[in-house]
Amino acid sequence: KGNLIIASGNVDINDINSISIKGDEAKYSKINETIKITGNVIFFDKNKNFKATSDEIIFDRNKNIAKTFGNTKVFVFGENNSNINFEIKGDNSLIDQNNKTLEIDKNVILIDHLNDFELYSEKIVYNKNDETVESVSKTKINYKDEFLIKSNDISYNKNSNGFYTKKKTLIRARCHRNLDRTCQAGC
C-alpha cells in the first residue's frame with residue numbers, strides 16, 4: 001500500500017523537470033517511478049516544447065519515456081512554446097524524451113502548420129535532433145492543396161523542407177484554375 005499512490009478527481013502533477021500532467025485519475029508507483037494517468041490526460045513538457053493529450057498516459061520517470069493509449073494528439077511547439085509547428089493525431093504513441101523521438105501509430109495525421117502540408121500514414125517517427133519525420137508503410141501527403149503525393153516510407157527533412165523516398169511515388173498536381181480537378185495536360 002505504501003508504494004502506490006492513487007488520486008482521482010481533478011489530478012494535476014508537476015515535476016521538477018518542467019513536466020505537467022493532468023487527468024481524471026492517477027496511479028503512482030514509488031517502486032517503478034511510473035505514473036499512469038487516465039481520463040482527459042494532458043502531458044506538457046515545457047523544456048522539450050511539446051504537449052500530448054490522450055485517453056491514457058504512462059510516464060516512466062526513470063527512463064523519461066511516456067506512452068499514450070487512445071485518441072492521442074501531440075503538439076510540437078517552436079521556441080518558447082509559442083507557435084505550433086506540428087500537430088500529430090493517432091491512436092498510440094511512444095515519446096522518448098532522452099532521445100527526443102516520438103513514434104505514433106494507427107491512423108496518423110501529421111499537420112505541419114509552418115510548411116502547410118498534411119501527411120497521412122499508419123505510423124510516423126519524428127526525430128527532433130535532426131528534425132526529420134519518417135512515415136512507415138502507405139503514405140499520402142497533401143502539400144499546400146497543390147500536390148497530392150502517394151508513396152510508401154517517406155522521409156521529410158524539416159531543415160531542407162524536402163520529401164524523400166526510394167519507393168514508387170505518384171504525384172498529382174492540381175490545376176490552379178480549379179483546385180477540385182486533377183491537372184490534365186495543358187492546365
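Keep in mind that this is a model prediction, so the values were computed, not measured.
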Looking at every non-hydrogen atom in both residues, tell me the closest pair between Ala66 and Ile57 and how far apart they are.
CB-CG2, 4.3 Å

Is it true that, when you exclude Lys128 itself, more than 12 heavy atoms of the residues, nucleotides or ligands shown sit nearer than 6.0 Å to its NZ?
yes

Do Phe43 and Ile13 belong together in a cluster built from hydrophobic side chains that touch within less than 4.5 Å?
yes

What's the spacing between Phe147 CZ and Arg172 CZ if we round to 0.5 Å?
14.0 Å

Tell me whether Thr68 contacts the main-chain N or O of Ser93 through its side chain, where contact means a donor paired with an acceptor under 3.5 Å.
yes

Under 3.5 Å, sequence neighbours excluded: what are the donor-acceptor pairs made by side chains of residues 159-168?
unit_1, atom_1, unit_2, atom_2, d
Ser160, OG, Tyr164, OH, 3.1
Asn161, OD1, Tyr156, OH, 2.7
Thr165, OG1, Asn152, O, 2.9
Thr165, OG1, Asp153, O, 3.3
Thr165, OG1, Lys167, N, 3.2

Test of understanding: clusters of I, L, V, M, F, W, Y form through side-chain heavy atoms closer than 4.5 Å, transitively. Do Ile149 and Leu114 belong to the same one?
no

Same cluster or not: Phe75 versus Val125, using hydrophobic residues (I, L, V, M, F, W, Y) connected whenever any side-chain heavy atoms lie under 4.5 Å apart?
no

Short question: side chain of Asp24, backbone of Val11 - any donor-acceptor pair under 3.5 Å?
no

Using every non-hydrogen atom in the two residues, find where Ile19 and Phe59 come nearest and quote the distance to one decimal.
CD1-CZ, 3.6 Å

Nearest-0.5 Å distance, CG of residue Asp116 to CG of residue Asp145
7.0 Å

Residue set satisfying side chain to side chain contact (heavy atoms under 4.5 Å, CB included) with Ser135, at least two apart, ordered chain then number -> Leu119, Ser121, Ile124, Thr139, Ile154

Under the side chain to side chain donor-acceptor pair (under 3.5 Å) rule, collect the residues that match up with Asn71, sequence neighbours excluded.
Asp55

Minimum side-chain heavy-atom gap Asn83-His113 below 4.5 Å:
no

Results of ring pair (Phe, Tyr, Trp, His ring centres under 6.0 Å) for Tyr126 - residues two or more places apart only
Phe86

Quick one: CG on Asn92 to NZ on Lys67, what's the gap to the nearest 0.5 Å?
10.5 Å

To the nearest 0.5 Å, atom CD of Glu118 lies from atom CG of Leu148 at 11.0 Å

Please report the shortest heavy-atom distance between Lys22 and Ile37, naming the atom on each side.
O-CG2, 4.0 Å

Side-chain atoms of residues 96-111: list all donor-acceptor pairs with protein atoms under 3.5 Å, sequence neighbours left out, distances to 0.1 Å.
unit_1, atom_1, unit_2, atom_2, d
Asp96, OD1, Asn98, N, 3.1
Asp96, OD1, Asn99, N, 3.1
Asp96, OD2, Asn99, ND2, 2.9
Gln97, NE2, Asp45, OD2, 2.3
Asn98, OD1, Asn64, ND2, 3.1
Asn98, ND2, Lys63, O, 3.1
Glu103, OE1, Lys123, NZ, 3.4

Separation between CG (Asn3) and CD1 (Ile31), nearest 0.5 Å, reads 3.5 Å

Step by step, work out the side-chain contact (heavy atoms from CB on, under 4.5 Å) result for Ile42 and Lys51.
CA-CA 7 Å; Ile42 300 171; Lys51 178 173 86 171; 3.9 Å; yes

For residues 129-142, pull every pair meeting salt bridge (Lys or Arg N to Asp or Glu O under 4.0 Å), keeping only residues two or more places apart or in separate chains.
Glu131-Lys158

Minimal non-hydrogen separation, Phe69 against Ser54, with atom names
O-OG, 3.2 Å

Approximate separation, where rounding is to 0.5 Å, of Thr34 OG1 and Leu4 CG
9.0 Å

Quick one: does Asp60's side chain have a donor or acceptor within less than 3.5 Å of a partner on Asn62's backbone?
yes

If hydrophobic clusters are built by linking Ile, Leu, Val, Met, Phe, Trp and Tyr wherever their side-chain heavy atoms come under 4.5 Å apart, do Ile95 and Ile65 end up in the same one?
no

